[in-house]
**Q** 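My questions will all concern the structure given below.
Lettering of chains follows the sequences in order, A, B, ..., and the numbering in each one begins at 1.
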Protein chains: 2
Amino acid sequence: MRKAPTLKDIALATGVHVSTVSRALNPSLRTVLSDDVVKHICEVAAQMGYRPNRLAAGLRTRRTMTVGLMIPDITNAIFPPILRGVESVLEPLGYASIIVNTDSILAREHLLVDVLRERGVDGIIHAAVLRNDPKIVKVAAEGTPMVTVNRKIENSGIPAVVNDDAQGIRMILKYLFDFGHRKIAHIAGPEDLSTGQGRKQAFVAGARELGLDVPARAIAQSQRFDEAEGRRCTAALLDGGWPLTAILCANDRLALGAFEVLRARGIDCPTQVSVTGFNDMPFLDLIPPRLTTVRIQQFEVGQVSADILVKLMTDPAAAVASETTLPVKLVVRDSVAPPPSG
Amino acid sequence: MRKAPTLKDIALATGVHVSTVSRALNPSLRTVLSDDVVKHICEVAAQMGYRPNRLAAGLRTRRTMTVGLMIPDITNAIFPPILRGVESVLEPLGYASIIVNTDSILAREHLLVDVLRERGVDGIIHAAVLRNDPKIVKVAAEGTPMVTVNRKIENSGIPAVVNDDAQGIRMILKYLFDFGHRKIAHIAGPEDLSTGQGRKQAFVAGARELGLDVPARAIAQSQRFDEAEGRRCTAALLDGGWPLTAILCANDRLALGAFEVLRARGIDCPTQVSVTGFNDMPFLDLIPPRLTTVRIQQFEVGQVSADILVKLMTDPAAAVASETTLPVKLVVRDSVAPPPSG
DNA sequence: GGTTCTGCTGCAATCGTTTGCGTAACTACC
DNA sequence: GGTAGTTACGCAAACGATTGCAGCAGAACC
């Protein structure tokens with residue numbers, strides 16, 4: 001276990017003071033030194049295989065060049081592309097990222113945000129935030145640069161990068177409407193998530209605009225964005241007795257659950273009941289009946305949020321948009337057809 | 001931006017020395033102090049919301065309680081479950097993880113391993129290792145606890161946690177054989193990955209045991225484990241003129257590519273050509289014709305490798321298995337049928 | 001009462017960097 | 001050749017925690 005060389009070792013080898021070595025290795029401070037000294041030091045450093053100790057540097061400068069990424073669950077296929085988007089901007093800048101899975105559990109989230117802070121992250125990208133979370137607001141207010149992605153905390157002052165959920169819902173609602181659907185049910189996302197809440201509101205508003213009737217039993221409220229809840233809600237909808245012809249789901253996984261229940265009950269999708277999703281997660285185009293959905297720009301949402309975080313980290317007083325909304329796109333596949341006649 | 005309280009602040013508030021506070025907050029050193037002092041300090045610390053600065057502690061102790069996880073690409077659905085497995089053991093122990101995507105590019109890998117070391121990770125779990133990589137071997141030899149997962153570097157002394165690839169290939173080969181297949185082609189994984197190499201060898205050996213003829217054109221060599229390569233290799237196989245009745249793919253993504261080409265050419269799977277995969281990635285059971293494959297224990301492989309890493313980190317001289325092989329399981333679905341008669 | 005022991009706490013060095021400040025040496029100017 | 005202004009580098013104090021060692025009480029013993 002050969003000890004990694006430190007500034008001191010290089011100073012010893014070159015006969016200069018450690019502070020000189022430090023400056024020589026820092027491009028922006030390098031200018032105050034004579035060129036040949038810089039050159040010599042750099043050569044020796046490279047030859048010794050010097051790698052700065054970011055712990056020590058971070059201790060001194062309070063910048064560790066690492067950021068925290070909070071997501072609900074990495075096995076949810078929607079998040080890996082977002083992470084890659086984030087890293088596409090962070091990594092070239094020299095940042096590394098600590099990723100934590102909150103499982104959408106508040107207590108875990110609070111624990112994990114401390115885990116991140118203990119490690120001195122320079123900022124946090126939070127893709128798992130609940131609609132209401134005082135602790136997170138407090139952490140941000142205390143000075144930790146933070147941006148929430150996909151979701152947001154209303155009136156928190158925390159910059160959010162979100163998708164144009166309202167527009168997406170409107171588009172897909174219109175799409176169903178144009179096919180002739182008039183009895184459109186909705187499987188709503190969790191009420192404690194801004195996406196769940198926002199999409200439901202957009203659904204209700206949009207349906208009203210189109211002059212559709214939306215009785216209470218046309219909306220099933222899920223507790224989580226997963227297939228199991230999709231199944232439960234679909235069953236509830238079907239058993240509710242409302243003569244629906246289409247189910248607009250708040251996200252793809254709920255829709256996948258809907259597929260299952262329909263198939264199990266011998267109800268054909270799309271000829272008997274149309275189904276739509278939201279997000280356009282990977283592999284959707286391979287799963288029949290291929291889901292018509294709304295594509296959110298997963299990679300880009302990551303990029304944009306990282307851009308904003310960088311701005312915040314380099315200048316805490318920087319003026320950044322409190323909310324950035326990215327456009328969405330209707331992805332037409334096979335899960336929508338005209339309602340059965342009669 | 002209220003400054004986070006430090007040991008010194010607590011010392012000031014309690015009227016004792018910072019070293020006493022440090023000991024009071026450390027369960028294993030706490031015993032040397034009188035109970036009431038410990039109690040008082042803990043109360044004040046809790047009330048002030050003290051959180052240790054792991055940077056400072058790490059600088060002193062050379063342990064940061066963070067580990068590095070190297071994977072090829074998080075968007076590859078096989079890795080998230082492995083990560084969760086890793087974290088299921090690491091997180092309760094207080095470790096956080098820095099995840100990096102190598103994209104299977106050697107230069108990136110070398111860059112990223114330094115990124116990890118700069119941050120003083122206590123150990124590395126490497127799920128992206130190439131069969132031959134002197135730099136990684138060197139890093140491990142220099143004392144960084146490391147374990148490779150899924151893949152391995154032969155004779156490197158680096159503990160590896162792998163799946164029983166040979167057994168898996170044998171089982172699936174036998175399964176095809178029992179259906180009557182005698183002309184079984186293979187889409188091999190990348191030669192620079194131990195999995196690609198190992199599965200190919202197992203295929204050749206297994207075919208020989210069964211008395212099957214395996215001409216050169218029965219094997220297509222992929223460059224990457226992805227759908228595009230699966231398509232390319234399938235096309236090459238089909239165009240090669242060898243009258244195959246089944247394609248045994250080195251992993252699921254290659255098989256997914258095979259599905260596409262077969263469908264595009266109007267060749268029905270499984271009635272005309274059977275296809276098998278390896279890994280059993282998520283969602284496979286929803287994609288028709290549902291792929292018959294070999295299930296590797298993704299979560300468990302993560303768990304086991306983390307267990308080993310922990311052992312290595314807590315006691316560098318600990319005796320750990322140089323190779324741990326986890327059992328695999330045949331997952332029968334719909335992509336295999338008897339070969340067309342005649 | 002002096003000595004030894006033990007139990008508790010303080011002192012100070014240390015980890016590797018960064019950075020404000022001080023100070024040589026050198027240039028330039030009158 | 002004295003003064004002022006640069007230039008180029010060294011000095012030393014941080015950052016926040018850990019830990020070997022020292023030291024100070026009080027108890028215990030003869």
**Q** Can you tell which of C:dT18, C:dG10, C:dG16 lies closest to the side chain of A:Ala56?
**A**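 My answer, after comparing the listed nucleotides, is C:dG16.
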
**Q** Does the side chain of A:Ser97 come under 3.5 Å of the side chain of A:Glu87 through a donor N or O and an acceptor N or O?
**A**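 A pair is found: one side chain offers a donor N or O, the other an acceptor, under 3.5 Å apart.
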
**Q** For the side chain of A:Arg30 and the backbone of A:Ala24, is there at least one donor-acceptor N/O pair under 3.5 Å apart?
**A**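 Present.
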
**Q** Using only heavy-atom distances, decide whether a donor-acceptor pair under 3.5 angstrom links the side-chain of B:Arg23 to the base of C:dG10.
**A**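 Donor-acceptor pair under 3.5 Å: yes.
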
**Q** Whole angstrom is fine here: how far is it from CD1 in B:Ile41 over to C1' in C:dG10?
**A**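 The answer, rounded to whole Å, is 12 Å.
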
**Q** Would A:Arg117 and A:Asp114 pass as an ion pair if we require N to O under 4.0 Å?
**A**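 Result for this pair is yes, salt bridge flagged.
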
**Q** B:Ser19 has a side chain; which of D:dC15, C:dC15, C:dG10 sits nearest to it?
**A**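 Among the listed nucleotides, the one closest to the side chain of B:Ser19 is C:dG10.
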
**Q** The side chain of A:Ser22 is closest to which nucleotide in this list: C:dG10, C:dT19, D:dA17?
**A**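 Nearest listed nucleotide: C:dT19.
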
**Q** Pick the closest DNA chain C nucleotide for A:Arg60 and for B:Arg60 by heavy atoms, then say which residue is nearer the 5' end.
**A**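 Its nearest nucleotide being more 5', the pick is B:Arg60.
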
**Q** C:dT18 C1' sits how many Å from A:Asn53 CG, rounded?
**A**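 My rounded result for the distance is 13 Å.
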
**Q** Looking only at the side chain of A:Ser34 (C-beta and beyond, no hydrogens), which of the listed nucleotides C:dT17, D:dT19, D:dC9 gets closest?
**A**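 Among C:dT17, D:dT19, D:dC9, the one nearest the side chain of A:Ser34 is D:dC9.
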
**Q** Quickly work out the A:Leu59 CG to C:dT19 P distance and round it to whole Å.
**A**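 To the nearest whole Å, that distance equals 12 Å.
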
**Q** Under a 3.5 Å distance rule, please check whether A:Arg108 uses its side chain to pair with a backbone N or O of A:Ser104 as donor and acceptor.
**A**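 Answer holds: no.
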
**Q** Quickly work out the B:Asp35 CG to C:dG7 C1' distance and round it to whole Å.
**A**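 Roughly 12 Å, once rounded to whole Å.
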
**Q** Nearest-Å distance, CG (A:Leu29) to C1' (D:dA8)?
**A**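 These atoms are roughly 13 Å apart.
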
**Q** Tell me whether the OP1 or OP2 atom of D:dG16 has a side-chain N or O from B:Tyr50 closer than 4.0 Å.
**A**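 No, no such contact exists.
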
**Q** How many Å lie between CG on A:Leu7 and P on D:dA12, as a whole number?
**A**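 To the nearest whole Å, that distance equals 18 Å.
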
**Q** To the nearest Å, give me how far apart CG (B:Leu55) and C1' (C:dT17) are.
**A**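 The answer, rounded to whole Å, is 12 Å.
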
**Q** For B:Val18, which contact category applies under a 4.0 Å heavy-atom criterion: base, sugar-phosphate, or nothing?
**A**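 Counting heavy atoms under 4.0 Å across all strands, the contact made by B:Val18 includes a base.
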
**Q** Are A:Thr64 and A:Arg54 packed together at the side-chain level, in the sense that at least one heavy-atom pair is separated by less than 4.5 angstrom?
**A**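 Side chain of A:Thr64 against side chain of A:Arg54, heavy atoms only: no contact under 4.5 Å found.
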
**Q** Go through D:dA17, D:dC9, D:dC15 for me and flag the one nearest to the A:Thr20 side chain.
**A**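 The listed nucleotide nearest to A:Thr20's side chain is D:dC9.
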
**Q** So which nucleotide from C:dT17, D:dG10, D:dA8 ends up closest to the side chain of A:His17?
**A**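 Of C:dT17, D:dG10, D:dA8, D:dG10 is nearest to the side chain of A:His17.
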
**Q** Round to the nearest Å and state the distance from A:Arg30 atom CZ to C:dT19 atom C1'.
**A**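 Nearest whole value for this atom pair: 17 Å.
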
